[in-house]
Colleague: 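The structure that follows is given in the form of structure tokens.
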2 protein chains.
Amino acid sequence: MPRHTPDQPPDTQPTAPLPAAFLHAAVTVDLVVFTILDADLKILLIQRREPPFVGHWALPGGFLRSDGGLGEDLDAAARRELQEETGLPPAGMYLAQLGTYGKPDRDPRGRVVSVAYFALVRPDLAPFVAAGGDAANATWHSVSELARLSLAFDHAAMIAAAQARLRQELDTTGIAFELVPATFTTPELRAVHDVIKGIPSDPGNFRRKFQAMITDGLIEQAPGKRITGGKPAMVYRFRQQPTESS
Amino acid sequence: MPRHTPDQPPDTQPTAPLPAAFLHAAVTVDLVVFTILDADLKILLIQRREPPFVGHWALPGGFLRSDGGLGEDLDAAARRELQEETGLPPAGMYLAQLGTYGKPDRDPRGRVVSVAYFALVRPDLAPFVAAGGDAANATWHSVSELARLSLAFDHAAMIAAAQARLRQELDTTGIAFELVPATFTTPELRAVHDVIKGIPSDPGNFRRKFQAMITDGLIEQAPGKRITGGKPAMVYRFRQQPTESS
DNA sequence: CCAAAAGTGTTAACAGTACACCCATGG
DNA sequence: CCATGGGTGTACTGTTAACACTTTTGG
């Protein structure tokens, strides 16, 4: 077994430039942005104005910028695009990498490798996103109606992957908290689960899981009650900051 | 809400070439290749001969090839590199995308975006991999001893992510089957779980979960028994092909 | 007082865990 | 016949699921 004996520290090594013979690809980030509106899971789509796929619906996103130097970080680019297309502050929003799509023919303009991200927008902020930003014609679409739209590039595959991941992370991580306002009630959080899972869950049993989160110190009661036509619900908020992206 | 009215089918649209102003990055694939050897979780590392990071240990991988045209698919490139570095047939090996690493300064040679994959090699094939391939000095390293090595680039982060994913997928998917030979016994599969989880599990209880897989039609008994010093163990095999990559 | 919706109680079914025990083989 | 390790039985516990029931509001 050979020993590990670096000749010199990596930082001071001569950095031979990258051979131009290697393939160089344009890099984009695409965002699958979810929210819940009208008790329905929605994603944000924009309508394309430039070729290719003029008129088709597509995920918000764009090319990595070079900014003169080596260019920007992938995560930073995703946050920047999210802000540009939604007008929302880039911090404090759930954003995670989903996967990378790089089939040679996925973009007719040339070799483009796209890093897909998935983001969650709180429903109280969702109505404002379409208005702002430089992405004209950005609208929320119900995921149940996506089959009718012919989406640009391989964006349909990205959405499918994002939806699978959303479902999977729902019961393993605290991702549901990213889809309710800062203060919320038990039935509101339950509605998030029901919409994503597709089937309604038992109100009583859900409350017990909720109770466990309170005793675990994850959630605390907030002042006020919420009137909904029946018995008013208690209002809660998180104790620790909700999950941030990596 | 705007209607969806594409001007023309996407395939016949004029494909304006990609503006050169956009950042173009070199693309690599890096492979976190796991196996189990000597009841220990191991990963395959190569020792670098070229700058940067000469002498450091690194993940096997390499640049996407352009092959004259638009270049190869990401998954295909990962399989190709896996074959080149291990000498194993590219088909029938578990391979899945892990994540993409693209910090601007992660490679001193320039802007390089790396797509990390993770792969699993059956232990009966593992002893042969180091010999073949064009990657000189490829050896298996116990994951518990990686802390001592200073790894090239951001490969330590990739390995950490791969290990987390391996743990997570262990009890949600049939990934453990990719780390035993084609025929195997109950205690052999249990050993895989124990090594990855880090704690030994109850032989009796594990057998019952195993039984459930048999009644579910996932596993069937194979002829022969395995002698190990005590009561011989029955030998099993899969009924359906083990999980393939996407 | 009645409908609606939040929240509580109760119980049955199931899954996970611990551990005692039996079985088949080699030495 | 004994040590070794595979395989079975069983009791216990915690979690989930189903559903009846109580509570608090608005009309």
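Not measured: the values here are computed from a predicted model. Here is how names work: the chains are called A, B, and so on, in the same order as the sequence lines, proteins then strands, and each is numbered from 1.
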Colleague: Reckon B/E188 touches a base, only the sugar-phosphate, or nothing at all at heavy-atom distances under 4.0 Å?
Modeller: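 Nothing: the residue B/E188, judged by heavy atoms under 4.0 Å, touches no strand.
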
Colleague: Could you state the CZ-C1' distance from B/R208 to D/dA11, rounded to the nearest angstrom?
Modeller: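 Going from B/R208 (CZ) to D/dA11 (C1'), I get 11 Å.
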
Colleague: Hey, do the aromatic rings of B/Y236 and B/F210 have their centres closer than 6.0 Å?
Modeller: yes

Colleague: Does D/dT8 have OP1 or OP2 under 4.0 Å away from a side-chain N or O of B/Q211?
Modeller: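 Yes, within the criterion.
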
Colleague: Between C/dT8, C/dC23, C/dT17, which nucleotide gets closest to the side-chain atoms of A/R207?
Modeller: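 Closest of the options to the side chain of A/R207: C/dT8.
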
Colleague: Can you figure out which of C/dC19, D/dT23, C/dC23 approaches the side chain of B/K231 most closely?
Modeller: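 That would be C/dC23.
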
Colleague: Between A/H56 and A/S150, do the side chains contain an N or O donor and an N or O acceptor separated by less than 3.5 Å?
Modeller: yes

Colleague: By the 4.0 Å heavy-atom rule, please label B/P232 as base, sugar-phosphate, or nothing.
Modeller: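 Sugar-phosphate, backbone atoms only, no base.
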
Colleague: Below 6.0 angstrom between ring centroids: does that apply to A/F238 and A/F184?
Modeller: yes

Colleague: Scan A/T185 against the nucleic acid and name what it touches under 4.0 Å (heavy atoms): base, sugar-phosphate only, or nothing.
Modeller: nothing

Colleague: Measuring from the side chain of A/D202 (C-beta onward, heavy atoms only), which nucleotide among D/dG6, C/dA6, D/dA18 has the closest atom?
Modeller: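 That would be D/dA18.
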
Colleague: Hey, which sits more toward the 5' end of DNA chain D by its nearest nucleotide, B/N205 or B/R190?
Modeller: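 Result: B/R190.
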
Colleague: Counting just side-chain N and O atoms, does B/T186 come under 4.0 Å of either OP1 or OP2 of D/dG7?
Modeller: yes

